[in-house]
Structure formats: structure tokens, C-alpha cells
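Report on one structure; see the data block that follows.
A quick note: this is a predicted structure, and the numbers were derived from the prediction, not measured.
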Amino acid sequence: MNKKLGVYICHCGGNISDYVDVEKVREAVRDEEGVCLAKTTMFACSDASQKEMIEDIRQNNLDGMVVASCSPKLHLVTFRAVSERAELNKYNYVHANIREQVSWAHSDDKAGATEKAIGIVKSAIAKVRLAEALNPIKIHSEKAVAVIGGGVAGLRAAIELSNMGSPVTLIEREHFVGGRVSQWDVMFTTNQTGKELVTRLYNDLISRDNVTLLTGAEVISNTGSIGDFTLKVKITPRYIRARCDEGYLQKAIDVCPVVVPDEFNFNITNRKAIYHNFPSEYPQYPVIDIKNCTRCGECEKVCGIIDFSQKEEIVEIRVGSVLMATGFDPYTPYPGEFGYHQFEEVITLPQFKRLTELNYKKLIYKGKEIKNIAYIYCVGSRQIEGEVHTVASADDLSKDTGSNQIEGENRYCSRYCCTSVIHTSIDAKRKFGNISNFHFTRGIRTYGKQELLYAESLRLGDIYLQSYENDPPLVYRENGRTHVKINDILTGRREISVTADLVVLVTGMVPRADNSVATLFKLPKGRDNFFNEIHMKLRPVETVIDGITICGACQGPKNITESMNSALSAATKTFSYVSKGEIELEPIIAEVDKELCKWCGECQKACPFDAVKMETSEGKEIAVINNSVCKGCGMCLPVCPVNAIDLIAFSDNEIESMINALVS
Amino acid sequence: MNKKSARILVFSTEKISDPAIDMAGLLKLHYPPTVYTISVPCSSGIKPRWILHAYEKGFDGVFIAADGSDCTYGESCTEKTGHVVGVTHQMMKDKNIDPARLRMAAICSVCSESFVKQIRSFNQYLLESTKS
């Protein structure tokens with residue numbers, strides 16, 4: 001309790017001192033117990049102030065420091081580093097937020113703001129008095145990384161990690177890498193095709209000695225924690241030997257009696273149970289879809305490369321960090337939503353994109369040539385709260401009025417769809433000619449350079465109509481044709497109806513339907529059900545699970561450029577976990593008072609990370625915390641019936657002394 | 001209580017509700033300056049004894065700015081924070097403290113307006129309840 005403390009109160013230019021009398025704050029706290037130095041400073045974060053703090057700490061042998069300034073989100077790390085440079089343990093530094101939570105919040109009440117600032121600084125002093133010198137927890141880290149997901153984000157991240165010198169295992173659940181991008185034709189803004197992009201990334205990846213690519217591979221278990229994850233990966237075989245004769249293979253495909261919808265083309269075409277990769281899919285080896293294969297044996301009769309003796313394999317890999325790039329699913333409208341699955345002319349944007357690629361001189365769908373196309377925007381995105389919808393029943397589906405009465409929970413904007421549909425509609429017009437495009441929008445969001453595409457679409461004569469979210473367009477049948485009707489707000493809510501040969505529902509992104517990998521890694525999800533980063537801006541690729549980073553569309557809708565950028569960011573962060581072979585963790589973890597603990601198991605039940613174990617110590621059963629697994633959430637604290645658990649830096653003494661200081 | 005604003009202790013969380021309270025300041029959304037914040041990692045780790053200590057020391061109300069479903073430590077946070085509140089309410093009743101002096105609301109990282117609205121309403125309640 002004989003700590004010598006230094007306190008600095010920042011003017012922040014005038015951001016703080018215009019509303020808080022910083023000199024009065026200094027006067028009020030300078031005689032607090034332990035305070036031997038209290039100063040005001042114009043900018044605490046400036047180089048000059050930092051140097052002054054270092055000198056003060058050294059000259060006065062300070063063993064605790066408080067800086068009252070802006071939010072700790074901005075400068076906690078800065079002043080911890082100042083402490084370290086002055087050989088003061090960084091956990092003996094406490095930050096007081098008197099800008100965002102005082103001067104700005106109470107700019108209408110200067111006296112009140114000053115009183116509050118005094119309380120907050122006194123509270124920080126109370127905390128630093130009790131703060132202990134702590135050392136970051138150091139643990140060994142495997143110098144290897146697993147990347148889960150072989151779409152463009154995963155491929156890019158794996159290449160970057162390889163560049164940095166880390167061994168990488170890229171795990172892809174499908175038998176081919178490339179993800180969604182392999183399904184796209186020409187893309188904006190580069191005009192390269194999805195195939196070109198995936199080919200470039202794949203060729204780069206497989207040329208590397210420190211990359212292992214596992215396809216048809218799924219993580220089935222995960223144990224360990226940051227620095228030492230052990231993953232069990234189940235690898236499904238292709239049932240086809242690598243060296244195959246194309247002629248015989250085609251015969252095998254021809255004789256296969258199983259016909260299933262082709263997911264690559266979003267079910268607008270079919271494929272056999274034995275099938276070849278599309279040119280944009282890698283590795284370019286065929287595969288047998290064993291889930292749908294009936295084992296009739298017809299293919300084996302005509303093709304010698306079929307090998308049903310291949311077995312599933314379980315491999316175990318140890319890595320220091322895991323990077324998740326598991327991508328997204330396109331939104332699938334409910335039956336009856338804007339006539340989907342009700343009228344055959346209604347398809348989704350991903351289906352339309354495949355359709356335009358698969359057709360050549362004329363745009364043909366279901367045997368009919370397409371001339372008029374209606375695009376309905378924001379299907380499955382930007383759904384409004386309180387919308388009461390009814391899913392169409394089988395009977396409804398036979399009626400001639402499209403039902404858009406669907407329950408919708410996706411409040412977010414999917415960001416890529418406006419640009420994607422405008423780009424595809426322009427392509428369709430250019431490729432097939434004589435196409436009329438009618439866009440039924442809720443406002444266009446072609447942000448940044450993508451605005452050029454919107455301008456080009458307008459120049460080409462595309463028609464844009466707009467409605468409010470509570471008055472969406474209606475898809476209906478009349479006289480054997482499909483029509484789309486809207487109360488167009490751009491023409492004073494005039495009712496406008498368009499006869500459409502094809503209705504394209506501009507569907508957005510949703511989280512993967514099969515997200516079992518998230519459960520395995522206990523990854524938190526946000527309100528949109530995508531994976532959740534710690535902080536959108538300050539820690540955008542880290543998750544609360546130490547050692548696991550996220551990138552690409554698995555954390556929210558992104559276009560390709562944004563996904564690639566986040567992949568680079570995640571790769572860099574991931575590498576930082578494994579590069580030194582040792583990592584430092586925040587020592588803010590739970591600690592058990594062995595004397596008080598009587599092992600009831602409540603703390604173990606409360607811990608979401610399995611960090612609490614029962615052990616016998618001196619003949620007594622007690623709870624023990626696994627330091628490398630504990631995340632410092634504190635969920636075990638309030639459930640202990642004998643108050644035997646505290647969180648380091650948030651102990652009863654610290655919290656209660658802060659409360660005392662606030663009311664003093 | 002013959003004063004303009006009640007003394008309220010807010011337990012906020014470092015990753016979720018703290019950013020919202022910071023942003024309330026940034027947006028100059030005003031609330032009473034007698035509202036003080038202590039930040040903890042997760043709202044489900046708040047001990048009832050800390051809340052009772054605040055009343056003993058003179059706070060009129062305690063507000064838990066909970067993580068809600070956004071909690072980065074897992075989905076069980078909401079339920080566990082609710083349990084903390086339930087247990088504390090019972091302890092308050094046992095000590096003849098009005099349970100309504102403890103409030104909880106999920107405050108997401110961008111819920112600045114919601115935070116200020118909640119605090120103003122809580123302040124109003126505390127002022128009125130002590131008058132009567």
C-alpha cells in the first residue's frame with residue numbers, strides 16, 4: 001500500500017479542458033494516498049509528454065501510473081508501452097476515460113463534468129494502488145497454421161502465410177477449391193473471370209513446398225488452445241484414381257444412372273453421381289458423389305479408374321493458430337417468396353449468373369428465349385423488423401399471385417448484390433442483345449467505384465423503379481404471363497407493371513447453413529449470425545477465441561476485394577501468433593482461493609471454455625484454472641457459493657475500492 | 001432525494017457496451033454526470049456483492065449494460081447475466097432495498113441512443129421513487 005503514483009490529466013487540446021476544469025481535477029487528486037506527482041498535460045499521447053512520463057517514472061521511482069485522457073480503446077496500449085519503456089510493469093498502469101465518458105458526454109454541464117472527472121480519476125488511483133505487477137502468460141506455439149476454407153479468401157491467406165514462412169495446411173470441405181468465385185464469369189472491376197482468378201491463386205499455392213492442401217476434408221474435432229491446437233480432419237476419398245483416361249471417364253459418366261441437381265450451377269442443370277470438375281475448379285480431378293451414388297457398378301464396368309476400395313481417412317494436425325475463411329451461402333428464397341418455386345420464370349441472382357455464362361447467342365431458360373428481365377432487389381437482405389409474412393403452402397404455390405409474405409430476420413445489407421446484378425444485367429445485354437432490364441430496387445448501393453457501373457447501366461437504357469421496404473413489388477401471373485407490379489416512388493407512387501420473361505430475385509449473402517465448424521471452435525456469432533470479430537475497426541479479424549482469426553464472407557457480406565483485404569489482415573495476425581514459437585497472453589484470468597474452495601462444480605458448469613478442472617490438492621478437491629484456456633470472462637465468479645474465485649485485475653478489493661472512490 | 005440527478009453506477013463491458021457509452025459521448029448525447037462507469041470483461045461476471053456494495057456506499061441505482069447476444073464470450077452470457085440480476089434482486093429484497101434500483105439492458109457496441117434513453121429513464125425513476 002506504499003505505492004508511489006504518478007497521475008497525468010490530459011487537456012486533449014481543448015476536447016477535455018473546454019468542459020472539464022483539469023486544474024481543479026489535479027488539485028482534487030494530488031493529495032490522494034500514494035500520489036506523489038500530479039500533472040496536467042496538453043496532449044498526453046504526444047512524444048514530448050511520453051518522454052516526460054518516462055523521466056518522471058524513473059526519477060521518482062514511481063510504481064504506478066494513471067493517465068486521464070481519451071477512451072482506453074485508443075491509448076491504453078500507448079501508455080502501457082510508456083510504462084514498459086520506463087521499466088514499470090505495464091499492469092501497474094490504469095487508464096481513466098474523461099473524454100468520451102465525461103467532457104463530451106457532459107459538455108452541457110461543466111461543473112458536473114468536472115466533479116465526475118474527479119471521481120473517475122480517484123477511482124483509477126484506487127485501482128492502481130491495488131494493481132499487481134503481472135507478467136504476460138508465455139506459452140509455446142506450434143509454428144504452423146491451418147486455414148479452413150479454400151475459397152479466394154482462404155487461398156489468399158494461405159499464400160500470404162506461406163510467403164511469411166509458415167507451414168500451412170489448407171482444409172477445404174468440398175473436393176475442389178475456389179469457392180463461390182469459381183462459379184462467377186467476368187467480374188467487376190478487373191474484367192477477369194472467376195476462373196482466371198482461382199487458377200492464378202491455385203497455381204501459386206501448389207507451387208509452394210510449405211503448403212499442404214486437403215480437399216474433401218472436414219475438421220471433426222478440435223482440442224487445445226492458442227499455440228497448440230490439435231485438429232482431427234476427416235478426408236473423404238474421390239473413389240477415382242488420380243491418373244484417369246478421359247475417354248473412359250466420359251463413358252463412366254454417360255452410364256451413371258444417378259441424376260442430381262448440380263450445385264455448381266445452383267440447380268439449374270443436373271449432373272451425374274460421377275462428375276467432372278468445372279474448368280474453374282481445382283484440383284482438376286473427377287470425383288464420385290458418394291452420398292448419391294447407388295453403387296450400381298455400371299461405371300466400374302466401363303472405366304478402370306473407379307476405385308471403391310478407397311477409404312475415409314482421419315488425419316491429425318497440430319497448429320499454433322487457425323484462420324477461418326469458410327465463406328457464405330446465397331440466400332434461398334422461401335417457396336412463394338416473390339413467386340419463387342411458384343412460377344418457373346422466377347430464379348435467383350446466382351442462378352442467373354450461371355445462366356448467362358452457360359448460354360451463348362441467345363438467352364434461353366426453360367426452352368424460352370428471354371427478352372424482358374425484371375430484377376427484384378434486396379431479397380433476403382434489409383428485411384424490416386416486425387414484418388409479418390406467411391410462407392406459401394403447396395396449395396398457394398398453384399395460385400397465380402406471388403406471395404411475398406415471408407418472415408425475414410436478415411436486417412443487414414449484403415453489399416455486393418446491387419453491383420453484381422447491375423454488372424450481370426449489363427453483361428447479359430451486351431452478350432445477347434435485345435434484352436430489356438427492369439430493376440425493382442429499394443435504393444441502389446453501388447458504393448465507390450461501382451457507381452460507374454450504375455451510370456453505365458443507365459446509359460444503356462436500363463429502367464430503375466423503386467419502392468419502400470413495406471410496399472415491395474408483387475409478382476403475379478395473368479394471361480399466362482408473369483408480371484411484376486410496383487408502386488414506384490420515383491414517379492409519385494404510380495403503379496407500374498412489367499411483363500417479364502424472367503424474374504431475377506437479387507438474393508444476398510447468409511451464413512453457411514452447415515456451420516458445425518463454428519461449434520467445434522466455439523466461435524461467437526453476431527446478431528446477423530455471421531462470425532463475430534472482437535471489434536469491427538480496432539480488432540477486425542480477431543475473435544474472442546485466442547489464436548483463431550476470421551476473414552472473408554464468413555464474418556459478414558463482403559465483395560471479393562474486401563474479402564482479399566481481410567484475408568491479408570487475418571494472415572498477418574495469424575502469423576503473429578506463431579512466428580516466434582512463443583506467445584504472450586493477457587494475464588487477466590480467474591484465480592481460485594484454495595483455502596475457500598470446496599469444489600461444488602458450479603464454476604466448471606459456468607465456464608464456456610472448459611477452463612476449470614477439479615483436482616485434488618493436499619487431500620482436498622478444489623477447482624483449478626487452466627491458464628492457457630481461461631479467457632478471463634469471469635462467468636465463474638458470481639456462481640461460486642463461497643466467493644472463492646476472483647478475476648485478476650477485477651478482484652473484490654479492486655472493484656469495491658473503485659466504488660468507494662467514486663462516492664468519496 | 002432532493003437533487004437533480006440520481007447517482008448511478010453502470011457496470012459496462014470492455015468489448016460491447018463500453019464502445020456504445022463512448023460513442024454516446026462522441027455524439028454529445030447527454031445524460032446525468034452523476035452516472036459513473038466501471039468496466040468489466042463480461043456482464044455475466046459481475047458479482048452481486050459489488051452491486052450491494054454500491055448501494056451501501058450511497059449509489060441510488062446500479063445499471064448493468066449487458067453484452068446481450070453480442071457477447072464475444074458466448075451465447076450463454078444473456079442467461080447468466082439474467083441469473084446474476086435475479087440473485088441480486090433476491091438479496092436486495094432481503095435487505096429491504098427496492099429491486100427496481102437495479103436495472104439491466106443489453107447494450108450493443110452501437111447502442112448509444114438506447115443507453116442514454118435507458119439511463120435517463122432510470123434516473124427519472126430513481127428521482128421519483130425516492131421523492132415518494
Side-chain angles (χ1 to χ4, degrees), chain A residues 70-74 97 99-109 111-117 119-120 123 522 524-527 532-536 538-539 543-545 588 590 606 608-609 631-640 643 646-647 650 652 655-656 658-660 662-664, chain B residues 4-5 7 9-12 14-16 18-19 21-51 53-54 56-59 67-77 80-81 83-84 87-88 108-110 116:
Chain A
C70 54
S71 167
K73 306 283 179 295
L74 294 168
N97 180 354
R99 190 178 74 176
E100 282 81 351
Q101 294 192 11
V102 181
S103 66
W104 285 351
H106 311 298
S107 54
D108 58 335
D109 182 352
T114 301
E115 282 306 305
K116 180 173 177 178
I120 284 177
S123 166
K522 294 192 169 74
K525 294 175 192 170
R527 275 176 296 176
N532 212 9
E533 65 283 329
I534 288 180
H535 190 279
M536 195 188 297
L538 301 178
R539 297 170 77 181
T543 68
V544 70
I545 310 296
I588 311 301
F609 305 105
K631 305 283 174 268
C633 62
M635 287 190 191
C636 54
L637 271 57
V639 299
C640 179
N643 196 30
D646 260 336
L647 196 61
F650 296 90
D652 291 347
I655 297 289
E656 286 169 7
M658 287 173 81
I659 293 171
N660 296 347
L662 288 173
V663 293
S664 66
Chain B
K4 202 169 126 191
S5 50
R7 195 181 281 267
L9 178 64
V10 176
F11 282 108
S12 66
E14 290 172 340
K15 289 168 188 161
I16 309 292
D18 242 11
I21 300 171
D22 281 357
M23 196 162 73
L26 182 69
L27 298 172
K28 303 280 167 73
L29 300 174
H30 300 307
Y31 52 92
T34 47
V35 175
Y36 297 88
T37 303
I38 289 181
S39 186
V40 293
C42 173
S43 52
S44 60
I46 296 165
K47 288 186 182 179
R49 62 174 279 168
W50 301 345
I51 298 168
H53 186 80
E56 282 168 21
K57 292 295 166 184
F59 274 98
D67 287 325
S69 56
D70 281 358
C71 180
T72 46
Y73 295 108
E75 294 160 0
S76 61
C77 172
K80 286 173 180 162
T81 308
H83 182 70
V84 169
V87 168
T88 314
C108 75
S109 59
V110 292
V116 172

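Between the side chain of A:K73 and the main chain of B:E14, a donor-acceptor pair closer than 3.5 Å is present. Proximity of a side-chain donor or acceptor of A:H106 to a complementary backbone N or O of B:Y31 within less than 3.5 Å is detected.
Once rounded to the nearest 0.5 Å, the distance linking NZ of A:K116 with OG1 of B:T37 reads 5.5 Å. Here the CD atom belonging to A:E100 is positioned 12.0 Å from the CD1 atom belonging to B:I21, to the nearest 0.5 angstrom. With values rounded to the nearest 0.5 angstrom, B:I51 atom CD1 is found 11.0 Å from A:I655 atom CD1. A distance of 4.0 Å separates CG of A:D652 from CZ of B:R49, quoted to the nearest 0.5 Å. Once rounded to the nearest 0.5 Å, the distance linking NZ of B:K80 with CG of A:L637 reads 12.0 Å. Remark: A:D109 CG to B:S5 OG distance equals 8.0 Å, nearest 0.5 Å.
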For this session: Given side chain to side chain contact (heavy atoms under 4.5 Å, CB included), test A:Q101 with B:V35 step by step and report yes or no.
Result: CA-CA 9 Å; A:Q101 294 192 11; B:V35 175; over 6 Å; no

For this session: Might you work through the side chain to side chain contact (heavy atoms under 4.5 Å, CB included) test for B:Y36 and A:V663, ending with a clear yes or no?
Result: CA-CA 10 Å; B:Y36 297 88; A:V663 293; over 6 Å; no

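Shown here for A:F650 and B:V40, the closest heavy-atom pair between the two residues is CE2-CA, 3.9 Å. Pairing each heavy atom of B:Y73 with each of A:F609, the nearest pair is O-CZ, 3.4 Å.
Looking at B:L26, both its backbone and its side chain come within 4.5 Å of chain A, counting heavy atoms on both sides. Heavy atoms closer than 4.5 Å to chain A are found in the backbone of B:I46, but not in its side chain. Only the backbone of B:S39 has a heavy atom closer than 4.5 Å to any heavy atom of chain A. Neither the backbone nor the side chain of B:E56 comes within less than 4.5 Å of any heavy atom in chain A. With a threshold of 4.5 angstrom between heavy atoms, B:C108 approaches chain A through side-chain atoms but not through N, CA, C or O.
When the candidates A:N643, A:L647, A:I588, A:I120 are compared by the number of heavy-atom contacts under 4.5 Å with chain B, A:N643 comes out ahead. Between chain A and the options B:C71, B:S44, B:C77, the largest number of non-hydrogen pairs under 4.5 Å is found for B:S44. In terms of heavy-atom pairs under 4.5 angstrom with chain B, the leader among A:P608, A:A606, A:S664 is A:A606. Ranking B:V84, B:T88, B:D18, B:T34 against chain A, the residue ahead of the rest is B:D18, based on heavy-atom pairs under 4.5 Å. With chain B as the partner, the residue from A:C633, A:G112, A:G634 showing the most heavy-atom pairs under 4.5 Å is A:C633.
For B:H30, the NE2 atom sits in a packed shell: over 12 heavy atoms of surrounding residues, nucleotides or ligands are nearer than 6.0 Å.
When side chains are defined from C-beta on, A:D108 does not count as touching B:K28, because their heavy atoms never get closer than 4.5 Å. With a 4.5 Å cut-off on side-chain heavy atoms, B:I38 and A:L662 count as touching.
Between A:E656 and B:K57 there is no salt bridge, since none of the side-chain N atoms of the basic residue sits less than 4.0 Å from a carboxylate O of the acidic one.
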